[in-house]
Each structure stands twice: as C-alpha cells, then as structure tokens.
Asks: 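Okay, here's the structure, questions in a sec.
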Amino acid sequence: MRKQLQRWVTLLGSTCGASVTVALDKRELRLQPTVYYHLCSDAMYEAERAGMGGFCHGLYWAFEAPPETIPVLSIPVLEFLGVVINLIVFGPTLKRLLAGNPNVLLVLRTDALTAALTLPAESQRSPLLIAAYQWLRERPEFKDLAAHCLITHLFGDANPYSDCLSRGKWEEFFARCRQIGVKPVAMEIPFPC
C-alpha cells in the first residue's frame, strides 16, 4: 500500500493530476473473474411444511424439513441454511472446477435479504443463524471456496428453479429445465447438512 501511495505522490508531483488507479501496480490487483458460477437457493415455510432447494447450472438438491423441526424454524433461518447447504452440496464439484481455473467467481444468489446482508458482514443475531454460520466456517468446502464467493440478493421472481425445488413443484421444475435445454442432475445432500 505504501508503494502505491508513493507512486501516486510521485505522479502528482510531475503532472497536473492523476487518478489513484494509475499508481496501482497491475500485478498487485486481483484479476477480474473469467468464469461465473451462480448458486441459487430458496426456502419455503408454511404452518405445516417447510423446504429448501438449490440449483447451480443444472445441478440441484431439495430438502423437506421434518415436521418436528418446523416449530423451531423460521423463513430467515431456512433461507440462510439454503445458502449454507448450497456451498456444501456443490462444493466438491466447484473445487474441481476451480482447480482448472482459479479465476472464478461463485455468485451465491438468494431472495433472503437477511442472508445476503448477514453472511458477508458476519452479523447474525439469531442463535440458529449463528450456529449455522459457525458450522459453515468450520467446513472444508467453505474454507476452499470462501475467497471466490460473492453473495447477492435477488427477488423471488428471479429465482424460479430454486423456488420450484423448495416447494416440491417437480413438474414445473423439469419443464423449466427443458425450456432452457438443461438436463437436471440431482445431487446428494451430505449427512452433516
């Protein structure tokens, strides 16, 4: 940082003005991603039923919460868990892809504003969200992928595949996949999830 500041001061002393970006050594900058993988997740919570689902370029998973867990769950917790489980389920596949090209950005897409804001800020307040986040941080998949992740908020209508998965709308999900020419591949949810 000092080297960059010194280069900028030198440039300012010899010109009428210079942007700070001119002083940056391009070798010190992180390269722009050349590949983007979008990991979409969604959750659904009703009085008697709750579910989650995730979708990543044709790979998918879905989980219906056991009825006995519904009283302790909430939609923010389920949405956050959806993001967490996405990283765990798709982690091994993404790690193999990263080995071939480390210049990848993994875009975690969720329609839950709570998850989109609290995950990068590490500002969870709910005991269940804190426990899920601490568990995620200890997982090798997260340790391998965290530097490549960006979480973004999207509105529910922009998340049709995961929305179908979380609600168990299988006919609609497979029809949507056919529309975009994707043959969906079910992923196993690891036992720890």
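Values below: every heavy atom of this structure, side chains too, minus hydrogens, waters and symmetry copies.
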Asks: Kindly write out the residues that satisfy side-chain hydrogen bond (donor to acceptor under 3.5 Å, both in side chains) with D42, not counting sequence neighbours, or none if the list is empty.
Replies: S166, R167
Asks: Step by step, work out the side chain to side chain contact (heavy atoms under 4.5 Å, CB included) result for E79 and T114.
Replies: CA-CA 8 Å; E79 294 277 10; T114 299; over 6 Å; no
Asks: Show your working on side chain to side chain contact (heavy atoms under 4.5 Å, CB included) between F90 and L59 and close with a plain yes or no.
Replies: CA-CA 8 Å; F90 300 132; L59 305 176; 3.5 Å; yes
Asks: Around atom CD of E188, are there more than 12 heavy atoms from other residues, nucleotides or ligands closer than 6.0 Å?
Replies: no
Asks: Flag the pair V77 / S74 as yes when at least one side-chain heavy-atom distance between them is below 4.5 Å, and no otherwise.
Replies: yes
Asks: Would a 4.5 Å heavy-atom cut-off, applied to side chains only, mark E48 and P67 as touching?
Replies: no
Asks: Compare every heavy atom of H38 with every heavy atom of H57, then report the nearest pair and how far apart it is.
Replies: NE2-N, 2.9 Å
Asks: For residues W61 and V185: do they belong to one hydrophobic cluster (side chain heavy atoms under 4.5 Å, members Ile, Leu, Val, Met, Phe, Trp, Tyr)?
Replies: yes
Asks: Salt-bridged, E64 to R49, with N to O below 4.0 Å?
Replies: yes
Asks: Ignoring hydrogens and angles, tell me if any N or O in the side chain of T34 forms a donor-acceptor pair with the backbone of N103 under 3.5 Å.
Replies: yes
Asks: Above 12 or not: heavy atoms from other molecules or residues under 6.0 Å from CG of N101?
Replies: yes
Asks: T118 vs F80, test: side chain to side chain contact (heavy atoms under 4.5 Å, CB included). Steps then yes/no.
Replies: CA-CA 9 Å; T118 64; F80 191 86; 3.9 Å; yes
Asks: Rounded to the nearest 0.5 Å, how far does CG of N86 lie from CE of M187?
Replies: 10.5 Å
Asks: Once you round to the nearest 0.5 Å, how far does CG of L128 lie from CG of L81?
Replies: 8.0 Å
Asks: How about V104 and L106: do any of their side-chain heavy atoms sit closer than 4.5 Å?
Replies: yes
Asks: Quick one: do I88 and W135 satisfy side chain to side chain contact (heavy atoms under 4.5 Å, CB included)? Show the steps, please.
Replies: CA-CA 11 Å; I88 306 304; W135 180 80; 4.0 Å; yes
Asks: Would you say the side chain of L87 lies within less than 4.5 Å of the side chain of L108, judging by non-hydrogen atoms?
Replies: yes
Asks: Evaluate the side-chain proximity of K143 to R137: yes if any heavy-atom separation is below 4.5 Å, no if none is.
Replies: no
Asks: Rounded to the nearest 0.5 Å, what separation is found between the NZ atom of K183 and the CZ atom of R178?
Replies: 13.0 Å
Asks: Are F63 and I85 packed together at the side-chain level, in the sense that at least one heavy-atom pair is separated by less than 4.5 angstrom?
Replies: no
Asks: If you look at every heavy atom in A43 and I75, which pair is closest and at what distance?
Replies: O-CD1, 3.6 Å
Asks: In Å and rounded to the nearest 0.5 Å, what is the OG to OH distance from S123 to Y133?
Replies: 9.5 Å
Asks: How far apart are the closest heavy atoms of Y45 and I70, and which atoms are they?
Replies: OH-O, 3.1 Å
Asks: Under 4.5 Å side-chain heavy-atom separation, chaining through any Ile, Leu, Val, Met, Phe, Trp or Tyr, what else clusters with L165? Say none if it is isolated.
Replies: F55, Y60, Y161, W170, F173, F174, I180, V182
Asks: Closest approach of P76 and L129, non-hydrogen atoms and distance?
Replies: O-CD2, 3.9 Å
Asks: Could you tell me which non-hydrogen atom of L145 sits nearest to which non-hydrogen atom of K95, and how far apart they are?
Replies: CD2-N, 4.2 Å
Asks: Just how far is it from atom CG of L136 to atom CD of E141, taken to the nearest 0.5 Å?
Replies: 9.0 Å
Asks: State which residues pass salt bridge (charged side-chain N to carboxylate O under 4.0 Å, His left out) with K169; sequence neighbours excluded, sorted by chain then number.
Replies: none
Asks: For residues L78 and L154: do they belong to one hydrophobic cluster (side chain heavy atoms under 4.5 Å, members Ile, Leu, Val, Met, Phe, Trp, Tyr)?
Replies: no
Asks: Can you see which heavy atom on I151 is nearest to which on A116, and at what distance?
Replies: CG2-O, 3.6 Å
Asks: Measure the spacing between CZ of R109 and NE2 of H153 and express it to the nearest 0.5 Å.
Replies: 11.0 Å
Asks: Is there side-chain contact between P102 and L98, with at least one heavy-atom pair below 4.5 Å?
Replies: no
Asks: Taking S162 for the side chain and C40 for the main chain, is one N or O donor matched with an acceptor at less than 3.5 Å?
Replies: yes
Asks: Heavy atoms, side chains only, cut-off 4.5 Å: are I130 and R125 in contact?
Replies: no
Asks: Verify the cluster assignment for M44 and L39: are they in a single hydrophobic cluster under the rule of side-chain heavy atoms below 4.5 Å apart?
Replies: no
Asks: Are there more than 12 heavy atoms of other residues, nucleotides or ligands under 6.0 Å from atom CD of E68?
Replies: yes
